[in-house]
Amino acid sequence: MSAPDAIDKPDPGLTIGTAAALGLMGSLANVGFSVLRSKVMALKLGPEGLGKIAEINQLVTLANVATVTMTGAVLINHLAQARAAGDDQEVRRVVSGAWTGAIVVSGLAGILAVILGRVVLPSPWGPSAWPLVTLAAIGAMFGASCNVPNQALIVFTRLDKATSLSIVATLILTALIIGAVIRFGLYGFFVATALGALLLVPMWLRTAARYVPALKERLAWHLDRRYIRDAVRFGGATLVASVFGQFLFTLIRWLLERQGGPQLNGQYQAATTVGTQYLATVLAGLGSFAFPRYAAARTPRELEVEVEATCAFVLRLAPPIILGGIAFRDVAVHLLYSLKFANAADLLGWLMVGDLAKVVSWAIAGPLLVRGRLRAFMLCEGAGVVFHLMASFLLIPRFGLVGEGYAQMISYVVYMFLALVVVVRSCELRLSYRWVLVVLPLTGVAIVALLSTQRWPAARWVIATLAVGWGWRSGLLGDILNGIRTRFRKLQAALRRRG
């Protein structure tokens, strides 16, 4: 198929189930490659080397927070509206402005990180680590520029191409990092990340140019004032929400430190690391499918339909995945860490119980940011953080580590109802309360499953069977399997044509 033939043909097979399948495939590949990289780096660099990488990357990430303003919700919002209006010129303007802005802001952030690194990074190695910080900043800058064509593919319903290229990109980065770390050690890691990100930029740009009509022409360097103004508005709200979140996690860690020292914080870190991975594998694909539709909806009624469709799918998707996670939470923690992290497995179970309310809240609150209801978004996020903090202050001193699991479960249930009220008023929707009321008995089922597996470990097999049966009867497994089958058929057809 020639490039012109491929242009402007959105994927006709892209449904919310297919999006979940693509998210599952892409994220599982990313997790697999990440585990492979981590094992090699742990053996070659040891705890000290991994600690230096974590501190340098944390510094560069913090410096690059502002870069998200160019490539996040504002880009989805502008591209979705331009696509709905059929305005190719506006699409080019938005993408060029976002791409230029991402490179400029990330470049300035990298310079800031190099300067701060000489002061912030610990002695004796920190002041002399500026070459490593420079390489990390270069990799972050090229990575930010790749996010723009990635978002363009997603908004133009080419999630299949975005997922395929993401898997290829992760494979390239993994191969470069493993080879460089084995050969050159710590310096090799940062050289590989910078070089890998540089190699991926033209790959993303060529793919976006093939499947997004307005991007056939080469992107121009263009700092668009209107886009920057909106980016500051959207990004300011995102930044405030991020600050709320970091403040929350800092206080939680302080409470745990007071309760049980570094050991308790280590257990918390292990539980949250596993907890953010298992469900995010599918939510990544769902977000790429749902949020551009939220942004492009022309009327409140269209938005209602999109939000209700997303809630309905999430309520089919989440319960069996959560029950399966609860059944094997201790196995996952022991596999990724060690038997010393038994307390992390207990906390992880309660975090998973709260995940159903969390994902429903995610589906309901999504329109606030992507449709520019920024005050309502910040109000919702701020109130959620305050309630979570209150629950943590009350429950961690009383119940220890597992008290944070109780706090998160309760706070997400409250946040879910708050998000529904705020979205209905702010976006003028008429959403039914049934989407949140049904979460309460389902959360009760998850609590029973958790307590059963804590008392009788063999009950995990009953819970796992229930999860599989639930997924099959709800049609979830059928949707995901059909999505995977469709992707493989298209891949086979493409390989035949090239052969």
Closest non-hydrogen atom pair between [X] and [Y], with its separation:
X    : Y    : answer
L368 : A376 : CD2-CB, 3.9 Å
L429 : P300 : CD2-O, 3.3 Å
L176 : G196 : CD1-CA, 3.6 Å
N150 : A162 : OD1-CB, 3.4 Å
G107 : M141 : CA-SD, 3.9 Å
I364 : V423 : O-CG2, 3.2 Å

Can you confirm if the NZ or CZ of R83 lies within 45° of the ring axis of F156 and under 6.0 Å from the centre of its six-membered ring?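 Yes - R83 lies over the ring of F156, closer than 6.0 Å to its centre and within 45° of its axis.
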Is [Y] close to [X] at the side-chain level, that is, under 4.5 Å between some pair of heavy atoms?
X    : Y    : value
L420 : W435 : no
V314 : W362 : yes
P367 : V307 : yes
F377 : V422 : no

Quick one: does [X]'s side chain have a donor or acceptor within less than 3.5 Å of a partner on [Y]'s backbone?
X    : Y    : answer
E304 : L431 : no
R293 : E306 : no
R118 : L116 : no
S128 : W125 : yes
S164 : K161 : no
D355 : K358 : no
S411 : Q408 : yes
Y415 : F387 : no

Show me, pair by pair, the donor-acceptor contacts under 3.5 angstrom made by side chains of residues 177-194, not counting sequence neighbours?
unit_1 : atom_1 : unit_2 : atom_2 : d
T193   : OG1    : F189   : O      : 3.3
T193   : OG1    : F190   : O      : 2.9

Spacing of [X] atom [atom1] and [Y] atom [atom2] [to the nearest 0.5 Å]:
X    : Y    : atom1 : atom2 : result
E428 : T299 : CD    : OG1   : 11.0 Å
L248 : L389 : CG    : CG    : 5.0 Å
W204 : S145 : CH2   : OG    : 11.0 Å
R373 : C427 : CZ    : SG    : 5.0 Å
L165 : L200 : CG    : CG    : 7.0 Å
E308 : S432 : CD    : OG    : 7.5 Å

List the steps, then state whether side-chain contact (heavy atoms from CB on, under 4.5 Å) holds for V439 with M416. CA-CA 9 Å; V439 171; M416 176 180 63; 3.6 Å; yes
Going through the distances and angles, do W99 and L205 end up as a side-chain contact (heavy atoms from CB on, under 4.5 Å)? CA-CA 10 Å; W99 192 65; L205 291 177; 4.0 Å; yes
Exceeds 12 heavy-atom contacts within 6.0 angstrom, atom CD of E302: yes
Can M203 and V168 be said to form a side-chain contact (heavy atoms from CB on, under 4.5 Å), step by step? CA-CA 10 Å; M203 295 174 61; V168 172; 3.9 Å; yes
